[in-house]
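Heavy-atom basis, side chains included; hydrogens, waters and symmetry copies ignored. Here the structure is a predicted model, which means the values were calculated and not measured. Position 1 is the first residue of the sequence, and the numbers go up from there.
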Amino acid sequence: MPQSLTKNYVHIIFSSKNREPFLHSPVKEELWDCLGGMCKALECNPIHIGGYHDHVHVLCLLSKKLALMKLVEEIKTHSSKWLKAKGSEFSGFSWHLGYGAFSVNPAQWEAVAAHIEKQEEHHQEKSFQAEFRTILGKYKMDYDEHYLWD
């Protein structure tokens with residue numbers, strides 16, 4: 001086959017260091033746009049980006065030219081620099097070192113996008129940690145709680 005055809009939906013989740021609530025309007029909406037632009041520049045078509053005060057969700061199509069690890073590294077590095085340039089209140093900002101990345105069934109990407117869209121109301125009842133544990137459970141992922149958060 002002379003063509004290389006891929007369509008890999010990926011849901012990436014990462015939080016601010018120590019889950020500090022740095023992400024408020026209007027900067028968080030600007031950040032979502034910034035992350036979308038970074039994904040596009042890396043040929044990873046963004047589908048939906050959102051989050052809450054202490055974390056980000058990115059749903060995108062992973063480029064066939066880029067490893068997932070490199071995508072996460074690029075968007076975290078560049079968005080951190082971008083956010084720090086927004087003002088002195090962000091001078092201490094950084095992302096948590098880890099992240100979660102999950103493959104998404106093509107028939108279910110709309111459900112993931114809807115989940116991302118409802119982050120504000122979702123987190124009125126559930127913490128980021130509880131949400132992330134739920135997602136890890138859904139994917140039957142083993143993890144060590146000691147290393148999960150810091």
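- Surrounding CG of Asp142 are at most 12 heavy atoms belonging to other residues, nucleotides or ligands under 6.0 Å away.
- Atom CD of Glu110 is separated from atom CD1 of Ile47 by 9.5 Å, given to the nearest 0.5 angstrom.
- Contact check for Cys60 versus Leu71: side-chain heavy atoms found under the 4.5 Å cut-off.
- Annotation for Ser103 and Tyr139: closest pair O-OH, 2.8 Å, computed over non-hydrogen atoms.
- Proximity of Leu148 to Leu136: side-chain heavy atoms (C-beta onward) are separated by under 4.5 Å at one or more points.
- The closest side-chain heavy-atom distance from Trp149 to Arg19 is below 4.5 Å.
- The salt bridge (charged side-chain N to carboxylate O under 4.0 Å, His left out) search around Glu89 returns none, not counting sequence neighbours.
- Looking at Trp82 and Val27, their side chains come closer than 4.5 Å, going by heavy atoms from C-beta outward.
- Of the possible donor and acceptor atoms, none in the side chain of Ser80 sits under 3.5 Å from a partner among the backbone N and O of Lys76.
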Anything under 3.5 Å between a donor and an acceptor, one on a side chain of residues 49-58, the other on a protein residue two or more places apart or in another chain? List them.
| residue | atom | partner | partner atom | Å |
| --- | --- | --- | --- | --- |
| Tyr52 | OH | Gln124 | NE2 | 3.2 |
| His53 | ND1 | Leu23 | O | 2.9 |
| His53 | ND1 | His24 | ND1 | 3.0 |
| His55 | NE2 | His57 | NE2 | 3.3 |
| His55 | NE2 | Gln119 | OE1 | 2.8 |
| His55 | NE2 | His123 | NE2 | 3.2 |
| His55 | NE2 | Glu131 | OE1 | 3.1 |
| His57 | ND1 | His11 | NE2 | 2.8 |
| His57 | NE2 | Gln119 | OE1 | 3.1 |
| His57 | NE2 | Glu131 | OE1 | 3.4 |
| His57 | NE2 | Glu131 | OE2 | 3.3 |

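- The side-chain heavy atoms of Thr134 and Lys126, taken from C-beta on, include a pair separated by under 4.5 Å.
- Under the 4.5 Å side-chain heavy-atom criterion for ILVMFWY residues, a single connected hydrophobic cluster contains both Phe132 and Val104.
- Partners of Glu145 according to the salt bridge (charged side-chain N to carboxylate O under 4.0 Å, His left out) rule, which considers only residues two or more places apart in sequence or in another chain, are Arg133.
- The SG atom of Cys34 lies 10.0 Å from the NE2 atom of His78; values are rounded to the nearest 0.5 Å.
- In the hydrophobic cluster analysis, where Ile, Leu, Val, Met, Phe, Trp and Tyr join through side-chain heavy atoms closer than 4.5 angstrom, Ile75 is grouped together with Phe90.
- Counted within 6.0 Å of NZ on Lys65, heavy atoms from surrounding residues, nucleotides or ligands total 12 or fewer; the atom is thus considered open.
- With hydrogens and angles ignored, the 3.5 Å screen pairs no side-chain donor or acceptor of Asn18 with any backbone N or O of Glu20.
- Between the side chain of His48 and the backbone N or O of Ala114, no donor-acceptor pair lies under 3.5 Å.
- With a 4.5 Å cut-off on side-chain heavy atoms, Tyr9 and Leu61 count as touching.
- To the nearest 0.5 Å, the span separating CD on Glu73 from CG on Leu66 amounts to 9.5 Å.
- With rounding to the nearest 0.5 angstrom, the OG atom of Ser127 is 8.5 Å from the NE2 atom of His122.
- Side-chain atoms of Leu35 and Pro46, non-hydrogen and from C-beta on, never get closer than 4.5 Å to each other.
- For Trp95, the ring-ring contact (aromatic ring centres under 6.0 Å, His included) partners are Phe14, Phe93, not counting sequence neighbours.
- Phe102 and Ile12 fall into different hydrophobic clusters, defined by Ile, Leu, Val, Met, Phe, Trp and Tyr side-chain heavy atoms under 4.5 Å apart, directly or through other members.
- Linking ILVMFWY side-chain heavy atoms closer than 4.5 Å, directly or via other members, places Val72 and Leu97 in two distinct hydrophobic clusters.
- Taken together through direct or relayed side-chain contacts under 4.5 Å among Ile, Leu, Val, Met, Phe, Trp and Tyr, Phe128 and Leu59 form part of one hydrophobic cluster.
- In this structure Tyr143 satisfies the ring-ring contact (aromatic ring centres under 6.0 Å, His included) test with no other residue, sequence neighbours excluded.
- Here the side chains of Met38 and Glu74 are not in contact, with every heavy-atom distance at 4.5 Å or above.
- Side-chain atoms of Lys84 do not come within 3.5 Å of backbone N or O of Ser94 as any donor-acceptor pair.
- Considering only residues two or more places apart in sequence or on other chains, Glu29 meets the salt bridge (charged side-chain N to carboxylate O under 4.0 Å, His left out) condition with none of them.
- Around atom NZ of Lys17, no more than 12 heavy atoms belonging to other residues, nucleotides or ligands sit under 6.0 Å away.
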